[in-house]
Amino acid sequence: MRIDLHSHSTASDGTDPPAEVMRRARTAGLDVIALTDHDTLAGHDEARRALPPGLTLVPGIELSCRLGGHSVHLLAYHVDPAQAELAEELHAMTTDRLRRAREMVGKLRELGVDITWEQVAAIAGGAVVGRPHLARAMVAAGAIGSPEQAFTADWIGAGGRAYVDRYGLDPERAIRLVSSAGGVSVLAHPGSPQRGWVIGDEAVERLARAGLGGLEVAHPDHDEAERLRLARLAGALGLAVSGGSDDHGLLTGHRLGCETIAPGEYERLMSLAARA
Ligand SMILES: [Zn+2]
Ligand SMILES: [Zn+2]
């Protein structure tokens with residue numbers, strides 16, 4: 001069994017629609033794929049309808065959290081979309097993403113980049129607006145040559161001239177919300193400085209006490225030393241050893257299935273989700 005528990009579609013900042021992600025998952029030889037768009041469950045219906053025979057979809061989400069001023073991502077699987085408190089939080093996060101994107105457009109305009117909010121919204125389509133959409137508008141305006149160039153201190157990289165912080169959930173609260181919505185949570189890329197920061201053992205211990213189900217050990221950003229540290233930590237804290245490709249389509253290069261989770265760990269993780 002080949003299982004990839006981390007992927008993105010056009011419902012957030014991936015470049016392929018959910019149906020295409022499902023098709024690619026099967027082509028990549030996967031038996032199980034989790035769709036984990038940022039702060040939205042919107043891609044699941046399309047993914048379900050397009051599910052090729054032999055492929056199992058794990059409905060997921062990647063929640064934006066903040067811990068001590070740092071960005072932390074929490075993967076959650078099998079949450080009940082009707083759970084009121086979680087639905088309210090997701091709504092608040094979407095509203096805040098809009099505010100943030102508008103503010104970044106304003107800052108970019110002050111820096112002489114000729115883009116408008118309408119252009120960015122059109123690029124995002126129905127997706128949750130994020131920095132990749134701004135980056136594409138910047139390319140279209142000729143301010144930069146390729147989207148990656150936007151993610152620097154000059155522009156909208158973390159702490160950059162046109163960067164604006166956004167609201168994030170407290171991760172301990174997020175873990176409790178996920179549990180009360182019948183789901184199970186996994187700390188995403190805990191050892192990736194590119195995607196936030198390297199989370200120390202003590203912080204992970206606190207999250208484990210709050211009900212965290214697993215650690216994402218296998219992630220493309222993790223080197224061997226980091227995988228070793230995280231696998232040991234997962235063992236010591238009784239957490240499942242999880243993993244996934246974090247595929248964003250063209251944005252990361254098509255890489256579904258490049259990281260997988262062991263079937264036993266997958267079963268253990270799913271047994272923690274009441275709704276699985
Ligand atoms: Zn992430
Ligand atoms: Zn991700």
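Order of appearance sets the numbers: ligands from 1, and atoms from 1 within every ligand.
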Side chains of Ser245 and His6: closer than 4.5 Å at any heavy-atom pair?
no
Between Ser7 (side chain) and Ala34 (backbone), is there a donor-acceptor pair under 3.5 Å?
yes
So that I can check it, does any N, O or S atom in His8 come closer than 2.8 Å to the Zn ion (ligand 2)?
yes
Arg102 side chain to Trp117 backbone, donor-acceptor under 3.5 Å:
no
When you draw lines from the Zn ion (ligand 1) to OE2 of Glu62 and to NE2 of His189, what angle lies between them, to the nearest 10°?
100°
In His73, the N, O or S atom nearest to the Zn ion (ligand 1) is which?
ND1
Looking at Asp246, pick out the N, O or S atom nearest to the Zn ion (ligand 2) and give its name.
OD1
Does any N or O in the side chain of Asp96 come within less than 3.5 Å of the main-chain N or O of Tyr167, such that one atom is a donor and the other an acceptor?
yes
